[in-house]
Amino acid sequence: TALEQALAALEGAPFALAFASGLAAAQAVLLSLECGDRVVASRDLYGGCHRLFTKVFSRFGVSFDFVDTTDLGQVRRSLEAPAKWLWLETPSNPLLSVTDLEACAEIAKRRGARTLVDNTFATPILQRPLDLGADLVLHSTTKYIGGHCDAIGGALVTRDEALHAELRFLQNAAGAVPGPQDCYLLLRGIRTLGLRVQRHAESAAQLADRLDSLPGVSRVLFPGRRDHPQHGLASRQFPGFGAVISFELEGGRDAASAFVRGLKLWTLAESLGGVRSLICHPATMTHASLTPAERAWRGIGDGLLRLSVGLEDRRDLWDDLEHAAGSVRAAPRECGTGADRAALPERAAIASHAPARTREEAVR
Ligand code: PLP
């Protein structure tokens with residue numbers, strides 16, 4: 001109860017529910033659906049949620065459509081068919097794309113769908129989706145809210161009393177609740193959340209600015225960079241920009257592997273949002289359950305690496321990255337070929353719609 005009250009306060013809501021993990025929180029939402037229901041989700045989202053959707057709940061007759069939610073026209077068209085939820089992740093994992101929450105929540109409301117926002121990467125310190133019209137916020141509290149990589153948890157937060165009651169029933173009925181030790185650790189983490197997120201974000205902004213100066217780095221994905229496609233939106237909706245950075249190495253998987261082997265301070269691990277800096281190779285870790293074609297369609301190449309910037313000394317972090325880049329040998333690219341894309345013709349068709357000219361036009 002103490003943890004739920006703290007989580008609700010952080011998101012500016014009267015109701016929160018704590019779960020045993022972020023995926024357990026996602027599962028509770030999906031358990032509220034029935035056979036025949038439909039969910040429209042961000043194309044770029046945590047691989048575990050994609051796996052839960054397509055490999056578990058699709059077996060029970062729930063259908064999932066993935067769209068590029070940075071394109072409001074695609075969101076609007078996908079919601080022309082009835083859907084229960086618009087499931088958004090912004091900034092997204094692992095490509096850090098930024099979705100216009102206010103516009104999407106408005107589109108969903110007009111078409112009778114509820115909007116869920118996975119706010120794990122942004123944290124309530126940098127982004128409060130309920131203020132922008134979302135119905136439900138999801139957190140993997142395992143990440144920034146816990147902050148020390150020593151607890152696992154999840155949360156759902158809402159202002160809607162009826163939705164809260166429905167999910168509270170499922171929290172109890174399905175039983176994926178957190179233990180008291182994890183609740184204690186998460187509450188302890190919340191005490192320093194504001195300070196940590198501020199420092200995480202400052203360090204990330206400095207590293208993101210310099211990353212493309214490293215040999216072999218072909219692109220850097222970070223909403224705080226001016227070359228990020230949604231930098232303007234991110235500056236309004238998500239000032240602070242968070243502390244996850246992704247970048248692509250020219251040499252594909254071999255280069256990524258050599259880079260990771262060259263690091264001393266950054267630890268290879270799936271998690272993020274803790275005091276220690278972590279690096280992850282999405283293609284073989286967080287998004288390994290997607291097929292190569294599904295990864296290629298999303299733009300997750302074999303040379304992509306994701307950084308979670310911790311609280312260590314920034315010079316040490318940079319020196320380690322510089323050293324690792326020096327140890328990379330060039331290797332051919334393997335992913336994102338034309339053949340991969342051709343394997344998903346129906347999705348390619350969704351992506352090829354002409355974009356709306358204005359935000360208002362897209363919402364309409
Ligand atoms: N949502 C996002 C954005 C995540 O990155 C993760 C895990 O990495 C989850 C949800 C799932 O959280 P958990 O690992 O606590 O089950």
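Worth knowing before you read on, the calculation uses all heavy atoms, side chains too, and leaves out hydrogens, waters and symmetry mates. Atoms within a ligand are numbered from 1 in the order they appear, just like the ligands themselves.
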> Could you walk me through whether Glu89 and Ser42 pass the side chain to side chain donor-acceptor pair (under 3.5 Å) check?
Replying inline: CA-CA 6 Å; Glu89 197 178 292; Ser42 295; over 6 Å; no
> Do Ser140 and Thr120 have a side chain donor and acceptor closer than 3.5 Å?
Replying inline: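 Looking only at side-chain atoms, Thr120 and Ser140 do not form any donor-acceptor pair under 3.5 Å.
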> Do NZ/NE/NH1/NH2 and the carboxylate oxygens of Lys84 and Glu34 come within less than 4.0 Å?
Replying inline: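 So Lys84 does not pair with Glu34 through a salt bridge.
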>> Between Arg276 and Asp150 (salt bridge meaning N to carboxylate O under 4.0 Å), is one present in this structure?
In response: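 No, this pair does not count.
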> Is the Phe53 ring parallel, tilted or perpendicular to the Phe66 ring (thresholds 30°, 60°)?
Replying inline: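 Parallel.
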> Taking atom CG of Leu317 as the centre, does the number of heavy atoms from other residues, nucleotides or ligands within less than 6.0 Å exceed 12?
Replying inline: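 Yes, CG of Leu317 has more than 12 neighbouring heavy atoms, counting only those of other groups under 6.0 Å.
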> For ligand 1, what is the set of protein residues having any non-hydrogen atom at a distance below 4.0 Å?
Replying inline: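 Close residues (ligand 1, cut-off 4.0 Å): Ser21, Gly22, Leu23, Tyr46, Glu89, Asn93, Asp118, Thr120, Phe121, Ser140, Thr142, Lys143, Gly153.
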